[in-house]
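Report on the structure given below.
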There are 4 protein chains.
Amino acid sequence: MTITAEIRETVAGLRAEVARLHAELPRYGLVVWTAGNVSARVPGRELAVIKPSGVGYDELDAAAMVVVDLDGRLVDGERAPSSDTAAHVHVYRQRPDIGGVVHTHSPYATAWSARREPIPCVLTMIADEFGGDIPVGPFALIGDDSIGRGIVETLAGSRSPAVLMAHHGPFTVGPDARAAVKAAVMLEEVARTVHLARQLGPVDRLSGADVDRLFDRYQNVYGQ
Amino acid sequence: MTITAEIRETVAGLRAEVARLHAELPRYGLVVWTAGNVSARVPGRELAVIKPSGVGYDELDAAAMVVVDLDGRLVDGERAPSSDTAAHVHVYRQRPDIGGVVHTHSPYATAWSARREPIPCVLTMIADEFGGDIPVGPFALIGDDSIGRGIVETLAGSRSPAVLMAHHGPFTVGPDARAAVKAAVMLEEVARTVHLARQLGPVDRLSGADVDRLFDRYQNVYGQ
Amino acid sequence: MTITAEIRETVAGLRAEVARLHAELPRYGLVVWTAGNVSARVPGRELAVIKPSGVGYDELDAAAMVVVDLDGRLVDGERAPSSDTAAHVHVYRQRPDIGGVVHTHSPYATAWSARREPIPCVLTMIADEFGGDIPVGPFALIGDDSIGRGIVETLAGSRSPAVLMAHHGPFTVGPDARAAVKAAVMLEEVARTVHLARQLGPVDRLSGADVDRLFDRYQNVYGQ
Amino acid sequence: MTITAEIRETVAGLRAEVARLHAELPRYGLVVWTAGNVSARVPGRELAVIKPSGVGYDELDAAAMVVVDLDGRLVDGERAPSSDTAAHVHVYRQRPDIGGVVHTHSPYATAWSARREPIPCVLTMIADEFGGDIPVGPFALIGDDSIGRGIVETLAGSRSPAVLMAHHGPFTVGPDARAAVKAAVMLEEVARTVHLARQLGPVDRLSGADVDRLFDRYQNVYGQ
């Protein structure tokens with residue numbers, strides 16, 4: 001498969017958007033060196049735009065991004081796609097409603113994932129953004145679609161756009177790449193805040209009814 | 001109600017000031033993404049200037065700010081006001097002495113609020129700025145004036161310009177918006193420092209007499 | 001006393017230096033808002049240059065600095081001197097070898113001071129810079145020379161250029177203002193590192209003989 | 001020994017590279033003030049480029065770097081070499097495969113070293129980058145080649161490019177200086193994440209077989 005002139009323009013816009021969104025990862029302390037990546041589905045196409053492998057955030061302009069098909073094969077770009085591409089494209093294949101995926105090793109979220117412990121819904125911000133506890137996915141090795149399957153299966157049992165992959169780190173999703181990046185930022189914020197709260201004593205969960213009310217309001221009323 | 005030419009000038013200055021003050025929130029690590037807001041009462045008017053809902057801090061210039069009446073209805077501006085507007089205007093209605101309100105989810109202060117634990121007055125900085133323990137407010141859902149009432153009732157029992165709303169996060173107040181932002185900054189600083197102190201052992205409170213002496217001196221003598 | 005033309009030039013250089021050094025405090029995370037100050041003795045004069053009270057770090061240029069005599073009275077400058085001036089000048093009066101004083105409320109150092117617990121000498125960096133445990137000074141109220149006396153008495157029993165004033169925060173000293181700022185930076189670094197080390201288990205002190213060897217070498221051999 | 005015109009060009013490139021890499025240390029929070037250093041072996045020569053002693057990161061341009069022989073004697077440059085030079089050159093003498101060495105006192109890694117506790121391999125990122133637990137080296141005083149010997153002996157028993165020197169701080173190595181800096185950055189990241197994980201409960205190690213699979217894949221497949 002090659003990219004036709006027809007879709008090159010769409011891809012150009014997404015390359016720029018995905019490049020810009022990568023800058024949010026170090027800005028919010030979610031990544032060091034090259035250890036995190038953002039992808040976006042090309043709307044209406046079996047394609048995604050993703051970070052190239054092993055490239056620093058300072059060098060990530062639109063031209064550096066690569067385009068892959070949903071089997072993870074390089075379609076357009078000068079570099080090899082991120083080594084996490086198989087996980088991203090598995091999510092896109094299984095979940096047509098998802099348009100953006102983010103993977104980081106943000107420290108507080110990854111600490112919960114190392115203990116295989118869900119982040120309990122003890123804050124209104126968690127109810128708003130995640131709709132309940134933030135779940136832990138299985139331990140899965142890189143190299144095939146094990147990580148992608150673990151993400152999809154865990155997301156299926158939750159309203160949360162974030163999954164803590166055991167001993168590895170978080171993946172977040174959203175209708176587009178910007179929403180997935182927002183989820184990654186909010187995840188680290190609540191992972192940190194609940195960590196701090198729990199360090200000095202026990203913390204009660206919000207009631208299920210309150211969580212439902214907050215989640216519903218935030219998803220349907222909030223914003224412009 | 002519409003804004004007359006007469007008060008447009010006052011509002012223009014406050015819009016610029018509130019926009020500038022929003023930049024202090026990410027600068028001091030009090031917020032991520034769009035999760036915090038500053039408002040200022042328009043002196044002598046039943047109006048306030050506040051952040052629009054769901055807008056990032058990079059885009060918050062004076063023109064983006066919105067003006068609401070003290071029932072929270074949009075009076076001037078192109079966007080919907082912050083979803084926390086009801087809490088801000090409730091405070092302005094009940095407390096004529098308050099000219100600025102700030103809401104954040106700053107991590108250390110929010111951690112204390114998740115445990116529903118007041119920050120004990122163990123530092124001279126807490127005595128200076130807060131005049132005693134920093135109190136916890138009730139758990140209240142967004143959507144009506146429950147949060148506003150919780151803030152006002154909790155402030156009534158304390159010298160502190162900060163309230164830790166349970167499972168939610170801090171609100172701070174002041175005679176103007178700048179003072180409320182300073183309180184939000186100092187709150188996170190002391191929330192963090194006492195958290196750190198307590199992690200490695202018990203910490204004694206200052207005596208009530210010492211707290212009174214420090215608070216009185218700081219409020220009446222300090223500054224230019 | 002007034003400043004003569006003869007010493008105005010010396011003071012001008014020190015004003016610029018002290019203004020520059022104030023920028024190091026927020027850079028290294030030692031202060032928020034206006035809560036910290038640097039002073040420098042005017043060599044050969046009964047004068048010191050210090051931060052004005054209640055002024056933000058963004059506004060601290062050379063012209064904003066003030067000159068005081070060693071009783072803390074304003075000699076030159078447009079603003080009131082820092083409310084911590086009495087402590088700084090007490091140190092200069094009692095210790096002719098000291099040419100710079102820094103006060104912050106840096107969070108990790110202040111956490112140790114809230115527990116009234118010295119920072120144990122468990123790292124080569126502490127032996128190098130502080131020559132042993134970093135001592136705790138008494139609890140003292142602002143308003144007279146109690147804080148200054150507490151600093152001088154505590155320094156007298158130690159090789160450390162840093163004192164943790166109980167329930168308040170650190171003061172550091174040096175032959176000049178730059179050395180005192182360096183001590184404040186290194187203090188927070190070791191306060192943080194030992195805090196982290198102790199969170200997960202006990203930590204052994206270095207032997208007295210090793211501390212002596214390291215301190216001697218660092219003070220006499222290190223640097224250009 | 002003096003530098004001939006023949007090798008001056010190679011050294012000029014390395015000076016610029018080592019200067020640039022020093023900027024990564026404060027950027028990633030690995031150092032304060034002047035407390036860390038990067039060196040690079042001059043390929044095919046008994047020489048290394050290293051940071052001068054006691055110089056701040058703001059002043060570290062290519063011209064400020066110094067060239068030493070592998071006994072640590074100054075060969076080219078206007079300043080005394082880093083006080084850690086003996087450790088760096090010992091590594092270069094004993095390990096011809098190593099082309100870059102980095103020393104920091106990054107807080108989380110140094111906290112593990114203060115407890116003399118290896119960082120357990122509980123994350124895929126640790127398996128990828130370090131191939132197992134990150135080992136602790138002996139306590140050694142500066143002044144002769146004790147530190148260098150401790151590094152070399154500890155590296156010999158591990159796949160890790162990082163050693164936690166007891167009560168002192170980390171040293172990292174790599175085929176070139178950039179790889180050693182990357183190892184220092186990733187070390188602090190995992191030291192912090194495992195610290196956070198362990199604060200709230202026990203964490204299981206990955207199995208030896210999984211660690212081997214991850215390490216092998218990352219070292220042989222990853223990157224461009």
Side-chain angles (χ1 to χ4, degrees), chain B residues 20-21 23-25 27-30 106-108 119-129 172 178-207 209-224, chain C residues 26 29-36 52-59 64 66 77-84 103-117 119-120 139-144 147 164-170 188 191-192 194-200 202-203:
Chain B
R20 267 196 307 274
L21 287 169
E24 302 290 309
L25 305 187
R27 178 186 181 186
Y28 284 109
L30 307 188
S106 63
Y108 284 92
I119 301 174
C121 188
V122 302
L123 293 171
T124 57
M125 187 187 273
I126 303 179
D128 288 348
E129 302 276 352
T172 58
R178 184 174 176 78
V181 170
K182 182 187 176 189
V185 171
M186 302 312 280
L187 169 64
E188 184 64 4
E189 182 78 348
V190 299
R192 183 180 178 207
T193 302
V194 182
H195 178 97
L196 296 173
R198 281 269 305 276
Q199 283 188 305
L200 296 184
V203 186
D204 293 329
R205 275 188 175 78
L206 304 186
S207 75
D210 285 341
V211 173
D212 288 349
R213 250 175 254 134
L214 286 164
F215 183 72
D216 181 62
R217 185 185 186 282
Y218 188 75
Q219 301 297 325
N220 297 315
V221 178
Y222 175 76
Q224 295 295 330
Chain C
L30 307 187
V31 296
V32 296
W33 214 254
T34 68
S53 181
V55 177
Y57 293 98
D58 294 346
E59 307 164 58
V66 299
E78 294 173 14
R79 286 159 156 145
S82 164
S83 60
D84 295 305
H103 174 45
T104 79
H105 303 83
S106 62
Y108 285 92
T110 302
W112 290 91
S113 84
R115 282 193 315 275
R116 298 181 179 237
E117 184 177 0
I119 301 174
F139 176 71
L141 289 184
I142 198 168
D144 57 19
I147 294 175
L164 306 169
M165 291 300 286
H167 298 283
H168 183 173
E188 183 65 3
R192 181 181 178 206
V194 182
H195 179 97
L196 296 173
R198 281 269 306 276
Q199 283 188 305
L200 295 184
V203 185

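Each chain gets a letter, A, B and so on, in the order its sequence line appears, and its residues count up from 1. The model shown is predicted, which means the values in this text are computed figures rather than measured ones.
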Q. Listed by chain and number, what are the salt bridge (Lys or Arg N to Asp or Glu O under 4.0 Å) partners of B:Asp210, not counting sequence neighbours?
A. B:Arg213

Q | Toward chain C, the part of B:Ile126 with a non-hydrogen atom under 4.5 Å | A | neither

Q: Could I get the full list of side-chain contact (heavy atoms from CB on, under 4.5 Å) partners for B:Ala180, not counting sequence neighbours?
A: B:Val102, B:Thr172

**Q.** Heavy-atom pair with the smallest gap, counting every atom of C:Pro107 and B:Arg192
**A.** CG-NH1, 3.4 Å

Q: Would you mind checking which part of B:Glu188 comes under 4.5 Å of any heavy atom in chain C, side chain (CB onward), backbone (N, CA, C, O), both or neither?
A: neither

Q) Got a donor-acceptor contact below 3.5 angstrom from the C:His167 side chain to the B:Leu123 backbone? A) no

Q | Pairwise side-chain contact, B:Thr124 with C:Phe139, heavy-atom cut-off 4.5 Å (strictly under) | A | yes

**Q.** Pairing residues for C:Asp84 by the side-chain contact (heavy atoms from CB on, under 4.5 Å) criterion, not counting sequence neighbours
**A.** C:Asn37, C:Ser82, C:His88, C:His103, C:Ile142

Q. Counting heavy-atom pairs under 4.5 Å to chain B, which of C:Gly143, C:Ala166, C:Ala111 comes out on top?
A. C:Ala111

Q) Within a radius of less than 6.0 Å around CZ of C:Arg115, do more than 12 heavy atoms belonging to other residues, nucleotides or ligands occur? A) yes

Q: Measure the spacing between CZ of B:Arg217 and CG of C:Leu141 and express it to the nearest 0.5 Å.
A: 10.0 Å

Q) Does any N or O in the side chain of B:Tyr28 come within less than 3.5 Å of the main-chain N or O of C:Trp33, such that one atom is a donor and the other an acceptor? A) yes

Q) Is any residue of residues 195-202 of chain B within less than 4.5 Å of chain C by heavy atoms, and which ones? A) B:Leu196, B:Ala197, B:Gln199, B:Leu200, B:Gly201, B:Pro202

Q. Out of B:Asp128, B:Val185, B:Val190, which one racks up the most heavy-atom pairs below 4.5 Å with chain C?
A. B:Val185

